[in-house]
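Inspection log for the structure reproduced underneath, given as structure tokens.
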There are 2 protein chains.
Amino acid sequence: MSLPHPLPEALVELIAQRFRIIGEPMRIRLLDRLRDGEASVHELTEALDASQQNVSKHLGVLHGAGIVGRRKDGNRVLYAIADESVLELCEGVCGGLQRQLSELNDLLDGVTR
Amino acid sequence: MSLPHPLPEALVELIAQRFRIIGEPMRIRLLDRLRDGEASVHELTEALDASQQNVSKHLGVLHGAGIVGRRKDGNRVLYAIADESVLELCEGVCGGLQRQLSELNDLLDGVTR
DNA sequence: CAGTAGCACAACTATCTAGTTGTGCAGTTG
DNA sequence: CAACTGCACAACTAGATAGTTGTGCTACTG
């Protein structure tokens, strides 16, 4: 376990902010789509059936946090995942939820027996 | 990589919600304190210099999400971490931030040379 | 070059939620 | 038993932010 203890306040804020950034369904959807590879705002707009301004806004947040990278190509801007560890965090959440589910299942099994 | 792709919408919402729950500094602080072991609302209130109602409220959210467990002891209620994977998520964030920092450092090194 | 496409920024609004104030119930104690 | 402690719930407010509307700049094209 490499997590400092007690957590310094600055780190608490950083960690919390990071979670808040990815605690938004639209941003997770964007990241999920970007797993297929680099995409333009326009492509993402169509893929997610959202407005261009909205997609651009969310991508701005992800870019500001260093989670996605961006490059220009003519009048298009292409985004790609820059920080894969964010997907690992999603995996971690899924793992944790799975664990909780199976614990619940064990409980329910105990009840029905 | 065990993360489903594409992510089902229900899973997107679950993941996002999970991140939002821990995207709150006070909740991270509570979890950090609970790393020392089980504690009552009163103890947590004093440790974090917050109001009892506020602490109780946040603990309620964490408990609802299965992140902390709770047991009664007389007129005291004791909380403990029930889902350690949440701390692993924090570690993951720290690891990711560290990676970003060192990439930035590499960039700055390149500039100063 | 005029018109079009692509994108990010500004301004606005509705919604959500953290923090606060107030309250009442359960448990403890003298 | 009355007074106190501990805690969770309700109600309220201020602030943050997602989504939307509007806009203007850059790049492309016929």
Side-chain angles (χ1 to χ4, degrees), chain A residues 9 12-34 37-80 82 86, chain B residues 9 12-34 37-80 82 86:
Chain A
E9 186 57 28
V12 168
E13 301 281 348
L14 277 176
I15 292 171
Q17 186 192 37
R18 199 81 165 167
F19 284 133
R20 279 201 302 278
I21 286 173
I22 50 180
E24 187 50 49
M26 180 57 76
R27 289 183 203 138
I28 296 183
R29 283 187 215 109
L30 284 168
L31 291 169
D32 193 43
R33 174 58 184 71
L34 289 174
E38 199 178 43
S40 71
V41 180
H42 183 73
E43 284 171 294
L44 292 165
T45 290
E46 299 201 317
L48 300 193
D49 196 30
S51 78
Q52 174 267 315
Q53 291 95 322
N54 194 254
V55 166
S56 177
K57 189 172 179 176
H58 283 299
L59 288 170
V61 174
L62 291 171
H63 182 244
I67 295 174
V68 295
R70 156 211 270 178
R71 70 178 177 99
K72 277 199 162 185
D73 177 26
N75 62 356
R76 297 190 316 155
V77 181
L78 299 166
Y79 286 85
V86 163
Chain B
E9 185 57 31
V12 168
E13 302 281 348
L14 276 177
I15 292 171
Q17 186 191 38
R18 199 83 163 164
F19 283 135
R20 279 201 302 280
I21 287 173
I22 50 182
E24 188 49 51
M26 179 59 73
R27 289 184 203 135
I28 296 182
R29 282 187 217 112
L30 285 168
L31 290 170
D32 194 40
R33 173 60 184 69
L34 290 173
E38 198 178 42
S40 70
V41 180
H42 184 72
E43 283 171 297
L44 292 166
T45 291
E46 299 201 317
L48 300 193
D49 196 31
S51 77
Q52 173 267 314
Q53 293 94 323
N54 193 254
V55 167
S56 177
K57 190 172 180 177
H58 283 298
L59 287 170
V61 173
L62 290 171
H63 182 246
I67 295 174
V68 296
R70 154 212 271 179
R71 70 178 177 95
K72 276 200 165 186
D73 178 26
N75 62 355
R76 297 190 318 155
V77 181
L78 299 165
Y79 285 86
V86 164

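Side-chain atoms are counted along with the backbone in the values below, which use heavy atoms only and exclude waters and symmetry mates. First the proteins, then the strands, lettered A, B, ... as listed; each starts at 1.
With sequence neighbours excluded, the residues satisfying side-chain hydrogen bond (donor to acceptor under 3.5 Å, both in side chains) with A:D73 are A:R76.
A distance of 9.5 Å separates CG in B:L78 from CG in B:L44, rounded to the nearest 0.5 Å. Expressed to the nearest 0.5 Å, how far CE of A:M26 lies from NZ of A:K57 amounts to 12.0 Å.
In this structure, B:F19 and A:F19 have parallel ring planes: the angle between them is below the 30° cut-off, well short of the 60° mark.
Summarising the geometry, the separation between CD1 on B:I21 and C1' on C:dC16 is reported as 14 Å, rounded to the nearest angstrom. Spacing between atom CG of A:L30 and atom P of D:dA18 amounts to 12 Å, rounded to whole angstrom units. Going from atom CD1 of A:I28 over to atom C1' of D:dA18 covers 14 Å, rounded to whole Å. Distance, A:E13 CD to D:dA16 P: 13 Å, rounded to whole Å. Remark: C1' of D:dT17 and CD of A:Q17 are 13 Å apart, rounded to the nearest angstrom. Taking atom CG on B:L59 and atom C1' on D:dC9, their separation rounds to 14 Å, with Å as the unit. If you measure from atom NE2 of A:H63 to atom P of C:dC9, you get 11 Å, rounded to the nearest angstrom.
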Base versus backbone protein contacts along nucleotides 17-30 of chain C [heavy-atom cut-off under 4.0 Å; B, S, -]: -BBBBBB---BS--
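In this structure, B:E24 does not pair ionically with B:R29, as no charged nitrogen and carboxylate oxygen lie closer than 4.0 Å.
The phosphate of D:dA8 (OP1 or OP2) has a side-chain N or O of B:R70 nearer than 4.0 angstrom. Between A:Y79 and the phosphate of C:dA8, there is a side-chain N or O to OP1/OP2 separation shorter than 4.0 Å.
Checking side-chain atoms of B:R27 against main-chain N and O of B:I22 turns up no donor-acceptor pair under 3.5 Å.
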